Every structure is written in structure tokens, then in C-alpha cells.
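One structure is given here, and the rest of the page talks about it.
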Amino acid sequence: MLAVAKKSAQCQMRERIEINVGDMHDLPFEDNSFDVVLSTYSLCPLCAPAKAATKLYRVTRPGGCIAIAHSTGPETPFVKWMADHAENIF
């Protein structure tokens, strides 16, 4: 998927796109860095999805938007609660 993203970034809006590979538990970005944060199919398989979810919140600017997509119901109560209430929260 990274190869597809890199190829797409070369064709469309390449000056506005930066692709980074990292660890959701230790995001290498400063607090309040992004207006929009998108996590697709990445929280559920983590050992500590609640910790990763708080990292997404940390890097989102006040008034920003966090979008989380997943295909299975999360088992961790906090992540399940976030998934169920994300639209109302943000």
C-alpha cells in the first residue's frame, strides 16, 4: 500500500503530500500538528489500541477532525466507545 500511495502522490498534489512510516504508539509529530487525522484499519490489531487512539488525539489540532475506519468491532472498551461515539465527539 505504501508503494501505491507513493505512486499516487507523484501524480497528484505531490507538493502537498508527505508519506511517513512510523509507529502509532509513538507518533513522531508535535502536539496539535494536524487539522485532520485519518486511521484506516490500524487500531484494532494493535496491542494497545487505546494508547494509539490517544496519540491520534494528541496530534490533532483543537477543533480538528479524527476519522477512524475499521472492519471489525474493537474489543478494547475505550476504542469501542470511541468508534461508537467518534462522530458526536469530533
Side-chain angles (χ1 to χ4, degrees):
M1 290 311 296
L2 288 173
V4 171
K6 287 176 184 178
K7 184 176 181 182
S8 179
Q10 291 173 356
C11 298
Q12 304 168 9
M13 301 179 6
R14 75 177 131 240
E15 70 279 353
R16 299 184 66 193
I17 296 173
E18 181 178 327
I19 297 172
N20 295 290
V21 178
D23 180 353
M24 281 186 68
H25 292 111
D26 188 25
L27 294 175
F29 306 109
E30 294 185 24
D31 294 358
N32 307 318
S33 295
F34 301 99
D35 293 319
V36 177
V37 174
L38 172 63
S39 171
T40 56
Y41 309 103
S42 52
L43 285 176
C44 294
L46 297 177
C47 295
K51 179 181 176 187
T54 62
K55 300 299 182 176
L56 298 178
Y57 180 78
R58 179 186 66 76
V59 301
T60 305
R61 289 186 179 126
C65 179
I66 298 174
I68 299 171
H70 55 85
S71 58
T72 61
E75 294 180 19
T76 306
F78 175 71
V79 177
K80 181 177 179 353
W81 182 86
M82 277 192 66
D84 291 343
H85 295 87
E87 189 172 322
N88 294 331
I89 294 169
F90 303 108

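Both backbone and side-chain heavy atoms feed into the values below; hydrogens, waters and symmetry mates do not. Since the structure is predicted, the reported quantities are computational estimates derived from the model, not experimental observations.
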Exercise for review: Check Leu27 against Arg58 and note the closest heavy-atom contact, atom names and distance.
Suggested key: O-NH2, 3.1 Å
Practice item. Give a yes or no on whether Leu38 and Ile68 share a hydrophobic cluster (residues Ile, Leu, Val, Met, Phe, Trp, Tyr; joining criterion: side-chain heavy atoms under 4.5 Å apart). Key: no
Study note, to complete from the structure: Exactly one of Asn32, Asp31, Ile66 clears side chain to side chain contact (heavy atoms under 4.5 Å, CB included) with Thr60, and that residue is Ile66
Point to revise | Closest heavy-atom pair and its distance - Lys51, His25 | key: CE-O, 3.6 Å
**Study point:** Heavy-atom closest pair, residues Met24 and Ser39
**Key:** CE-OG, 3.9 Å
Check your understanding: At what distance, to the nearest 0.5 angstrom, does NZ of Lys55 lie from CZ of Phe29?
Key -> 13.0 Å
